[in-house]
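Structure, as structure tokens:
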Amino acid sequence: MSELTATQLLRLQATGKATAAEIADAFLDTYRTREPKLKAFVSLDEAAIREQAAAVDAKRAAGKPLGKLAGVPVAVKDVLCTKGVTTTCASKILKNFVPPYDAHVVERLRAEDAILFGKTNMDEFAMGSSTENSAFQTTRNPWDTDRIPGGSSGGSAACVAGCQAPLSLGTDTGGSIRQPAALCGIVGMKPTYGRVSRYGLIAFASSLDQVGPFAHDVTDAALMLEVISGHDKRDSTCVNQSVPEYRKTLNDPVKGLRIGVPREFFDKGLDSEIESSVRAALKEYEKQGATLVDVSLPHSKYALAAYYIVAPAEASSNLARFDGMHYGHRTAQKADLIGTYAKSRGEGFGKEVQRRIMIGTYVLSSGYKDAYYVKALKVRRLVKKDYDDAFATCDVVMGPTTPTAAFKAGEKSDDPLAMYLSDVYTVSCNLAGIPGLSMPCGFTKAGLPIGLQLLGKPFDEEKLLRIARMYEAATDWHTRRPKV
Ligand code: GLN
């Protein structure tokens with residue numbers, strides 16, 4: 001049962017073939033047997049899960065209307081606030097933080113009768129590409145437990161790929177949904193900036209962060225997006241625009257589809273096995289009548305550099321609130337006010353977070369802000385313009401999600417620049433604010449998943465999902481499950 005999709009689990013309950021309690025038990029079984037190997041979760045409360053499932057079954061028995069995710073377990077990245085449940089950001093500084101409120105997206109899950117199924121591991125404060133920056137544990141890739149699942153939402157990706165939960169939520173600031181989805185062989189989607197409320201999402205880089213789904217297939221991703229999208233006045237960047245019922249049009253292929261293939265996404269850093277799987281996927285689209293259009297994103301070569309200025313700059317400001325006074329861990333050492341701040345932060349933040357705070361503070365400092373921060377914002381505008389120009393000639397931009405398949409734990413952990421390069425194809429999407437999706441499109445000879453990235457026009461998630469579904473309907477990658 002735990003290999004099923006959310007849509008299949010909903011059908012089982014609607015036809016009386018399974019109860020929410022039975023479904024919860026099946027996933028708890030898989031969780032228990034696999035968690036020692038995968039380490040996908042930071043916390044999980046079995047009793048609370050059973051209670052929620054029983055409540056859904058009681059509601060059904062009483063003939064009350066049920067929500068869109070009734071009885072479906074959903075795991076939540078530990079960067080999203082959950083009322084009464086510890087929310088750590090996988091950081092020592094927030095180890096004991098219990099939020100007094102739910103994030104908007106968590107409220108939406110509860111309103112649709114989802115079963116909140118644990119909090120997932122991540123890189124500390126969502127900074128990283130492998131989950132090795134978690135203060136607690138390194139999550140493993142279900143396809144090969146010597147390897148990392150990607151990051152920063154590695155726990156959310158691994159638990160879905162490893163069938164510990166059928167759906168999960170992650171966050172994507174520079175690729176943290178799409179990259180782990182690609183490395184774990186599942187679907188992951190970053191909505192348009194402003195599509196989903198960030199209320200209750202502990203901020204990394206506020207102008208880039210978005211919440212989005214992980215799922216086995218495009219239908220489940222569309223379902224989750226319907227639930228979490230929409231206006232919320234508590235996030236002033238959340239757009240007041242109606243949310244389409246994505247699943248209604250999902251199986252309508254896009255006629256006359258034009259696919260932009262950026263030459264910059266097929267450069268020398270790209271692994272040859274990834275390239276051939278992505279090219280084969282493009283062929284499949286051509287078979288279905290799509291035309292490939294050669295497009296150029298000339299500023300994409302500067303995107304990674306711009307991202308690693310803008311994101312740390314915003315992070316250094318956002319993380320200033322964790323000082324041992326307002327929030328979080330306070331040092332036991334005796335010190336004056338500034339000393340208490342410094343010691344608390346020194347003890348509470350890991351190495352990568354400290355590195356980002358230093359980079360961010362540096363690029364914002366009065367002597368350097370024009371040379372770095374302001375320059376990076378100009379590059380960001382040009383990256384966005386590249387996409388505007390590309391979308392004048394195509395409906396979607398396609399390419400690889402990652403330059404390589406999942407790497408071994410420890411392989412890049414001492415080399416921040418090598419780690420940052422994992423995001424080379426994903427960061428421009430966040431800088432431009434456009435929606436992006438990664439879906440499985442093959443495996444390497446070693447049996448590691450490969451991801452195809454689809455990038456769309458702002459607020460055109462409906463079309464992006466339809467385009468993704470066209471490929472999925474013709475292939476069976478999304479039906480594979482790893483033997484853990
Ligand atoms: N890997 C990127 C970083 O470390 C992206 C992280 C993210 O999207 N949260 O910043």
Side-chain angles (χ1 to χ4, degrees), residues 76-80 89-91 120-134 138-139 148-157 168-184 188-191 193 196 198 201-214 303-316 318-319 349-360 363 376 380 401-404 406-407 411-413 415-438 451 453 455:
V76 174
K77 186 177 181 181
D78 212 21
V79 70
L80 291 160
C89 290
S91 179
T120 59
N121 194 34
M122 54 186 279
D123 287 298
E124 186 177 4
F125 283 100
M127 298 171 189
S129 310
S130 66
T131 73
E132 290 167 296
N133 295 336
S134 165
T138 296
T139 300
I148 53 85
S152 65
S153 314
S156 287
S168 67
L169 285 180
T171 58
D172 192 312
T173 304
S176 283
I177 293 175
R178 288 158 291 147
Q179 185 254 19
L183 302 192
C184 289
M189 185 169 191
K190 183 202 94 75
Y193 185 78
V196 178
R198 291 179 294 110
L201 158 61
I202 297 174
F204 163 11
S206 313
S207 78
L208 302 160
D209 298 340
Q210 270 293 288
V211 185
F214 286 101
L304 200 64
Y307 171 83
Y308 275 100
I309 290 172
V310 173
E314 294 185 20
S316 71
N318 276 323
L319 270 55
F349 288 137
K351 225 166 74 184
E352 182 61 25
V353 174
Q354 294 190 21
R355 178 165 24 241
R356 305 274 179 122
I357 291 171
M358 285 193 280
I359 295 173
V363 300
R380 180 177 189 174
T401 309
T402 60
T404 66
F407 45 91
E411 202 177 310
K412 300 188 182 180
S413 43
D415 186 349
L417 282 182
M419 192 70 89
Y420 296 172
L421 273 172
S422 327
D423 308 319
V424 57
Y425 301 128
T426 50
V427 293
S428 59
C429 163
N430 303 72
L431 289 172
I434 60 176
L437 179 151
S438 179
Q453 183 172 218
L455 301 165

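Counting starts at 1 for both ligands and their atoms, following the listed order.
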Open item on the list: If I apply the N/O under 3.5 Å rule, does Thr173 come out as touching ligand 1?
Closed with: yes
- [ ] Within a distance under 4.0 Å of any heavy atom of Tyr308, pick out the atoms of ligand 1 and give their elements.
- [x] 1 (N), 2 (C), 3 (C), 4 (O), 10 (O)
Open item on the list: I need the Asp123 CG to Ser176 OG distance, nearest 0.5 Å.
Closed with: 7.0 Å
Task: Heavy atom of the protein closest to atom 7 (C) of ligand 1 (residue, atom name, distance) - done: Ser176 OG, 2.3 Å
- [ ] State if Glu352 counts as touching ligand 1 under the rule of any non-hydrogen atom under 4.0 Å.
- [x] no
TODO: Number the atoms of ligand 1 from 1 as they appear, then name those within less than 4.0 Å of a heavy atom of Phe204, with their elements.
DONE: 9 (N), 10 (O)
Open item on the list: Looking at Asp78 and Asn121, would you say the former's side chain and the latter's main chain have a donor-acceptor pair under 3.5 Å?
Closed with: no
- [ ] Establish, from distance only, whether the side-chain atoms of Lys77 and Ser156 form a donor-acceptor pair under 3.5 Å.
- [x] no
Open item on the list: Check the orientation of Tyr420 and Tyr308. Use parallel for under 30°, tilted for 30 to 60°, and perpendicular for over 60°.
Closed with: parallel
Open item on the list: Does the residue Tyr307 have a heavy-atom contact with ligand 1, meaning some pair of atoms that are separated by less than 4.0 Å?
Closed with: yes
Task: Nitrogen or oxygen of Gly174 less than 3.5 angstrom from that of ligand 1 - done: yes
Open item on the list: To the closest 0.5 Å, what do you measure between CG (Asp423) and CG (Asn430)?
Closed with: 9.0 Å
- [ ] Could you grab the distance from atom CZ of Phe125 to atom CZ of Arg356, nearest 0.5 Å is fine?
- [x] 13.0 Å
Task: Atoms of ligand 1 close to Met127 [distance to a heavy atom under 4.0 angstrom, numbered from 1] - done: 4 (O)
TODO: Provide, to 0.1 Å, the distance between atom 2 (C) of ligand 1 and the closest protein heavy atom, together with that atom's residue and name.
DONE: Asp423 OD2, 3.1 Å
TODO: Considering the heavy atoms of Gly128, write down every atom of ligand 1 situated less than 4.0 Å from one of them.
DONE: 1 (N), 2 (C), 3 (C), 4 (O), 6 (C)
- [ ] Answer with yes or no whether Ala311 contacts ligand 1, where contact means a heavy atom under 4.0 Å from a ligand atom.
- [x] no
Open item on the list: Distance under 4.0 Å to a non-hydrogen atom of Ala126: what atoms of ligand 1 satisfy this?
Closed with: 6 (C), 7 (C), 9 (N)
Open item on the list: Using 0.5 Å steps for rounding, measure from the CG atom of Leu319 to the CD atom of Glu124.
Closed with: 8.5 Å
- [ ] Would you please say whether a donor-acceptor pair under 3.5 Å links the side chains of Ser207 and Glu314?
- [x] yes
